[in-house]
Asks: 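Next up is a structure, given as structure tokens.
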Amino acid sequence: MLIVAYDNVQILDIACPSGALDIANRFGARPPYRIDLGTVGRRPARSSAGIALAAGQQLEAVTGELDTLMVVGGAGYEEAAADPRLVAQVHRLAERSRRVASVCTGAYVLAAAGLLDHRRATTHWGYGERLAARHPTVAVDVAPLYVRDGNVYTSAGVTSALDLTLALIEDDHGPTLARAVARELVSYLHRPADQAQISMFLAAPPPGDRLVRDLSGHINAHLADDLSPRALAARAGVSTRHLTRLFSAHLGMTPARAVRAARTEAAAHLVRSSELPLAAIARRCGFGSAQTLRQAFLDHYGMGGDRIRRMPDMPRPRTPGGAETPVP
């Protein structure tokens with residue numbers, strides 16, 4: 001794997017994939033992965049944390065076939081995407097690569113090189129709208145953790161690079177090795193590509209009760225699943241009555257209201273950060289239809305999706321959990 005870096009790069013974007021591949025090698029990946037860091041002119045890449053990273057490869061001097069070319073993200077992505085030398089080398093090297101990938105805002109560099117034209121791609125949810133506006137031929141979808149379109153892979157913010165790399169290891173060497181790497185990293189194996197990025201960041205400060213905390217995490221990570229009180233109670237191994245008491249005591253709302261609030265807030269983030277139609281957002285967030293989602297917006301925020309999209313900031317819920325509605 002050749003990882004392409006530049007100044008003000010996010011060090012975790014480099015550490016996650018390179019660390020996972022290093023462990024795969026130690027656990028028997030055959031053929032083993034070769035991991036290189038490349039920059040224009042082989043200059044050191046200073047990370048946004050202030051740590052300078054030595055480059056092992058000068059991009060202009062790389063010849064021959066490559067297995068994987070990965071462009072990482074970071075605070076310097078705008079300058080990187082506007083650097084004609086870097087963009088030209090990424091385009092050239094992509095033609096020599098079996099597969100091409102990006103982490104977070106590294107997608108801007110791939111897009112500048114024309115590698116995402118007429119492809120579906122993702123990036124960090126906070127940068128998707130700008131990417132779509134700048135490159136209208138790219139089908140930007142900020143919902144999933146990572147997207148594969150042909151031999152081009154794009155992933156969301158920082159830690160999703162680990163999910164993407166585990167998927168690449170599984171593609172190359174099978175699920176057994178990928179599971180071993182995940183266990184060594186004390187990581188999930190591996191979060192599915194279509195898990196919503198946004199859902200991980202919606203919860204209020206975690207509740208003190210462990211059962212409620214665990215269920216809250218499950219809700220936010222599986223918005224499209226069956227999250228009825230009965231299903232949640234079965235998952236927790238308690239009665240629905242006890243579940244309701246716990247949610248009321250620790251969250252101030254019933255399980256049904258908590259689920260509806262999580263789904264509505266996730267949908268509002270997607271409305272603001274993507275060009276997905278309301279029906280697609282409704283499906284991703286567990287609503288039966290676009291009309292059901294519209295009603296949820298009215299109940300929760302007192303306004304519709306069009307107004308939410310135009311607002312400069314996320315709206316505040318008008319009630320803690322919105323209107324009480326049965327959860328499918």
Asks: For a 4.5 angstrom cut-off between non-hydrogen side-chain atoms, does Leu166 reach Arg179?
Replies: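 A side-chain contact under 4.5 Å is absent here.
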Asks: Are the side chain of Thr39 and the backbone N or O of Arg43 linked by a donor-acceptor pair below 3.5 Å?
Replies: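 Between the backbone of Arg43 and the side chain of Thr39 there is a qualifying donor-acceptor contact (under 3.5 Å).
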Asks: So if you build clusters from Ile, Leu, Val, Met, Phe, Trp, Tyr with side-chain heavy-atom gaps below 4.5 Å, do Leu162 and Leu37 land together?
Replies: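 In one cluster with Leu162: Leu37, yes.
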Asks: Show me the side-chain donor-acceptor pairs of residues 64-76 shorter than 3.5 Å, one per line, residues at least two apart or across chains.
Replies:
residue: Asp67; atom: OD1; partner: Arg98; partner atom: NE; Å: 2.7
residue: Asp67; atom: OD1; partner: Arg98; partner atom: NH2; Å: 3.0
residue: Asp67; atom: OD2; partner: Arg98; partner atom: NH2; Å: 3.4
residue: Thr68; atom: OG1; partner: Arg99; partner atom: NE; Å: 2.8
residue: Thr68; atom: OG1; partner: Arg99; partner atom: NH2; Å: 3.4

Asks: Would you confirm whether Ser97, through its side chain, and Val100, through its main-chain N or O, come within 3.5 Å as a donor-acceptor pair?
Replies: no
Asks: Other residues, nucleotides and ligands only: do more than 12 of their heavy atoms fall within 6.0 Å of CZ on Arg307?
Replies: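 No, not enclosed.
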Asks: Is it the case that atom CZ in Arg230 sees more than 12 heavy atoms from other parts of the structure closer than 6.0 Å?
Replies: no
Asks: Could you give me the CA-CA distance, side-chain angles and deciding distance for Leu223 and Arg284, then say whether side chain to side chain contact (heavy atoms under 4.5 Å, CB included) is met?
Replies: CA-CA 7 Å; Leu223 294 170; Arg284 285 186 181 276; over 6 Å; no
Asks: For the residue pair Ser48 and Asn8, confirm or rule out a side-chain donor-acceptor distance under 3.5 Å.
Replies: no
Asks: Using modelled atom types only, decide if a donor and an acceptor are shared between the side chain of Gln58 and the backbone of Glu60 within a distance under 3.5 Å.
Replies: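 Here the side-chain-to-backbone pair does not exist.
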Asks: Got a sec, which pairs hit salt bridge (charged side-chain N to carboxylate O under 4.0 Å, His left out) with one end in residues 235-255, sequence neighbours left out?
Replies: none
Asks: Hey, does the side chain of Tyr108 reach the backbone of Leu131 with a donor-acceptor pair shorter than 3.5 angstrom?
Replies: yes
Asks: Do Thr292 side-chain atoms and Gly288 backbone N/O form a donor-acceptor pair below 3.5 Å?
Replies: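 Such a contact is absent between Thr292 side chain and Gly288 backbone.
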Asks: Kindly say whether the aromatic ring centers of His173 and Tyr33 come within a distance under 6.0 Å.
Replies: yes
Asks: Could you tell me which residues satisfy side chain to side chain contact (heavy atoms under 4.5 Å, CB included) with Cys104, sequence neighbours excluded, listed by chain and number?
Replies: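 Partners of Cys104 by the side chain to side chain contact (heavy atoms under 4.5 Å, CB included) criterion, ordered by chain and then number, come out as Asp13, His124.
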Asks: Is there a side-chain contact between Val4 and Leu86 in this structure, where contact means two heavy atoms from C-beta onward sitting under 4.5 Å apart?
Replies: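 Counting from C-beta outward, Val4 and Leu86 do come under 4.5 Å.
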Asks: Measure from the side-chain N and O atoms of Asp225 to the backbone N and O of Leu227, and report whether any donor-acceptor pair falls under 3.5 Å.
Replies: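 No, the answer is negative, given that no donor and acceptor are paired below the 3.5 Å cut-off.
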Asks: Is any side-chain heavy atom of Val181 closer than 4.5 Å to a side-chain heavy atom of Leu21?
Replies: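 No, side chains not in contact.
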Asks: Does any part of the side chain of Ile281, heavy atoms only, come nearer than 4.5 Å to the side chain of Cys285, both counted from C-beta?
Replies: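 The answer is yes, as the side chains (C-beta and beyond) meet within the 4.5 Å cut-off.
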Asks: Salt-bridged, Asp209 to Arg213, with N to O below 4.0 Å?
Replies: no
Asks: Does a side-chain heavy-atom distance below 4.5 Å link Arg26 with Ile23?
Replies: yes
Asks: Taking the side chain as every heavy atom from C-beta outward, state whether Ser160 and Tyr146 have any atom pair closer than 4.5 Å.
Replies: no
Asks: I need the minimum non-hydrogen distance between Leu59 and Arg92, along with the two atoms involved.
Replies: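 In this case the closest contact between Leu59 and Arg92 is O-NH2, 2.8 Å.
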Asks: Return yes if some donor-acceptor pair links the side-chain N/O of His300 with the main-chain N/O of Ala296 below 3.5 Å, else return no.
Replies: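 Absent.
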Asks: I'd like to know whether the aromatic ring centres of Tyr77 and Tyr127 sit less than 6.0 Å apart in this structure.
Replies: yes
Asks: Does Asp36 pair with Arg34 as a salt bridge, N-O distance under 4.0 Å?
Replies: yes
Asks: Salt bridge or not for Asp141 and Arg120, using N-O below 4.0 Å?
Replies: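 Counted as a salt bridge, because a side-chain N and a carboxylate O are separated by less than 4.0 Å.
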Asks: I need the minimum non-hydrogen distance between Ala20 and Ile169, along with the two atoms involved.
Replies: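 For Ala20 and Ile169, the tightest heavy-atom pair comes out as O-CD1, 3.9 Å.
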Asks: Short question: side chain of Asp149, backbone of Val152 - any donor-acceptor pair under 3.5 Å?
Replies: no
Asks: Donor-acceptor check, side chain of Arg148 to backbone of Gly150, threshold 3.5 angstrom: yes or no?
Replies: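 Side chain of Arg148 to backbone of Gly150, a donor-acceptor pair under 3.5 Å: yes, one is there.
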Asks: Assess whether a salt bridge exists between Glu129 and Arg134, defined as any Lys/Arg side-chain N lying under 4.0 Å from an Asp/Glu carboxylate O.
Replies: no
Asks: Determine whether a donor-acceptor pair (N or O, by modelled atom type, separation under 3.5 Å) exists between the side chain of Asp226 and the backbone of Ser228.
Replies: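 A pair under 3.5 Å: yes.
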Asks: Find out if a path of hydrophobic residues (ILVMFWY) with successive side-chain heavy-atom gaps under 4.5 Å connects Val40 to Val62.
Replies: yes
